[in-house]
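Written below as structure tokens is the structure these notes are about.
Hydrogens, waters and symmetry mates play no part in the numbers below; they use all other heavy atoms, side chains included. This structure is a prediction, so every number in the text was calculated from the model and none was measured. One-based numbering, in listed order, for ligands and for the atoms of each. This chain uses plain numbering: 1 for the first residue, then up along the sequence.
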Amino acid sequence: MKAVVLKAFGGLENLVLADLPDPRPRPGEVLVEVRAAGVGHVDVMSRRGEFGGSPGSVPGIEVAGVVVAAGREVDDAWVGRRVYAMLDRTGGGYAELVTSDVEAVVALPDQVGEADAVALGFNALTALTSLERAEVRRADKALVRGAGGGVGLTATLLGIHLGAAVTAVTGSARRGERLAALGASTVVNRLADAQTYEEYDIIIDPVGGPEFDRFLEKLAPNGRYVLCGGVAGFPTPDFGSILLGRFTASPTLLMLSLSSISRAELRARMEKLLELVADKTIASLIDETFTLAAAAHAHDKLESGAAFGKIVLVP
Ligand SMILES: NC(=O)c1ccc[n+]([C@@H]2O[C@H](COP(=O)([O-])OP(=O)(O)OC[C@H]3O[C@@H](n4cnc5c(N)ncnc54)[C@H](OP(=O)(O)O)[C@@H]3O)[C@@H](O)[C@H]2O)c1
């Protein structure tokens, strides 16, 4: 099969198309013919050696495609089904074929294409889990940081769907226009000289970094803050003093990593998301599709911040 191999940790030049032996499903696994592989921030971190993966491995932690073989202990009924598969940190998704634990696959509804499924993928799973943990309620005022990015965009769409009035924070005027067109109540340009923030019942934050403190202070009484990523790095260590200083407002700070969530819970949430796309309640936004040979261009576009929606590789 053709697959993208990470030659060494580092720059884009390390993503190289190669011929590899076809993988075979082990007991408990299915073999998936990949029709779409998701490209996310985590893949970029893995390429740089900051998160999982290893030189010589095939990147890519989520795919959608057709099951073409089943290992022992797997129901043969899976063969021929279109599925979304959550792979583990070792990757394997940027390829024509990949094996997956059958516990990590979800059948696709007829109305949902493979690229749409990976466009939801881990981004939407992170966003929905964050919103549910924050117990989002109708008419809540919610703020989403990094709203032009993968996690933030799906958090914006799902927050609106769940009835919240969403303030979307982005550094791009163009992305801001698109977020407003998708239903964000307010858009704040994080790079503008004048920025007006109110107080929010919920803050969904995939960005973190030094500005985390400033947003923590924008939590309304009884507000819930979910830190679910770190595009701008870790918050400063003394954020605890801000939390304690707001003691009488009873703030809740939650951290969320999908790594701690069971596969059964992730599968159930993915099924819910796929239904929302199948019945057109929410859109699944694809920025651009690339071939496997163009994986480096796909990473380049994601890293340069030029994408709006998911970048997808199509073998
Ligand atoms: N919790 C989990 O299990 C989980 C799962 C998946 C991903 N993640 C994490 O979630 C984070 C976001 O992933 P993603 O795929 O959404 O990334 P992304 O597509 O690169 O989006 C991040 C967005 O944040 C904004 N941004 C970038 N640098 C910033 C800065 N210094 N200050 C403020 N905003 C900045 C950019 O939007 P603008 O330029 O428009 O502002 C960018 O589009 C990553 O850290 C990723 O590892 C976590």
If you take the nearest heavy atom of each of A147, G171, C228, which one is closest to atom 8 (N) of ligand 1? C228

Pick from A127, G150, G40, A155: the one approaching atom 18 (P) of ligand 1 most closely through a non-hydrogen atom: G150

Residue and atom name of the nearest protein heavy atom (relative to atom 40 (O) of ligand 1), distance in Å to one decimal: T170 OG1, 2.5 Å

Taking the six-membered ring of F51, is the NZ or CZ of R89 close enough (under 6.0 Å from the centre) and on axis enough (within 45°)? yes

Determine, using heavy atoms of S257 and all atoms of ligand 1, whether some pair is separated by less than 4.0 Å. yes

Starting at CG of L243, measure out to CG of D213 and round the result to the nearest 0.5 Å. 9.5 Å

Protein contact to atom 12 (C) of ligand 1 [nearest heavy atom, distance to 0.1 Å]: V231 CG2, 3.4 Å

If you measure from the Lys or Arg side-chain nitrogens to the Asp or Glu carboxylate oxygens, is any gap between R174 and E177 under 4.0 Å? no

Considering all heavy atoms of both residues, which atom of S100 and which atom of M86 are nearest to each other, and what is their separation? OG-O, 4.4 Å

Report yes if the distance between the aromatic ring centroids of F212 and Y225 is under 6.0 Å, otherwise no. yes

Nearest protein heavy atom with distance in Å, relative to atom 31 (N) of ligand 1: A232 CB, 3.5 Å

Is there a side chain to side chain contact (heavy atoms under 4.5 Å, CB included) between L31 and R24? Walk through the geometry before answering. CA-CA 7 Å; L31 180 67; R24 292 230 201 117; over 6 Å; no

Going by the atom numbers of ligand 1, which of them fall below 4.0 Å from some non-hydrogen atom of R175? 38 (P), 39 (O), 40 (O)

With heavy-atom distances below 4.0 Å as the criterion, list the atoms of ligand 1 near G230. 45 (O)

For atom 11 (C) of ligand 1, what is the nearest protein heavy atom, given as residue, atom name and distance? P206 O, 3.3 Å

Please evaluate residues R269 and T129 with respect to the criterion side-chain hydrogen bond (donor to acceptor under 3.5 Å, both in side chains), reporting the C-alpha separation (whole Å), side-chain torsions for both, the decisive distance (0.1 Å), and the verdict. CA-CA 8 Å; R269 219 165 256 130; T129 311; 3.1 Å; yes

Nearest protein heavy atom with distance in Å, relative to atom 3 (O) of ligand 1: L258 N, 2.7 Å

When you measure from atom 24 (O) of ligand 1 to every protein heavy atom, which one gives the shortest distance, and what is it? G146 CA, 3.5 Å

Using a strict threshold of under 4.0 Å (side-chain N to carboxylate O), is an ion pair present between E271 and R267? no

Which option wins on minimum heavy-atom distance to atom 26 (N) of ligand 1: H41, E303, R190, E62? R190

Protein contact of atom 47 (O) of ligand 1 - nearest heavy atom, named by residue and atom, plus distance: M45 SD, 3.6 Å

Report the part of L153 (side chain from C-beta onward, or backbone N, CA, C, O) that has a heavy atom under 4.0 Å from ligand 1; answer both or neither where that applies. neither

To the nearest 0.1 Å, how far is atom 5 (C) of ligand 1 from its closest protein heavy atom, and which atom is that? T126 OG1, 3.0 Å

Specify side chain, backbone, both or neither for V151, according to which of its non-hydrogen atoms lie closer than 4.0 Å to ligand 1. both

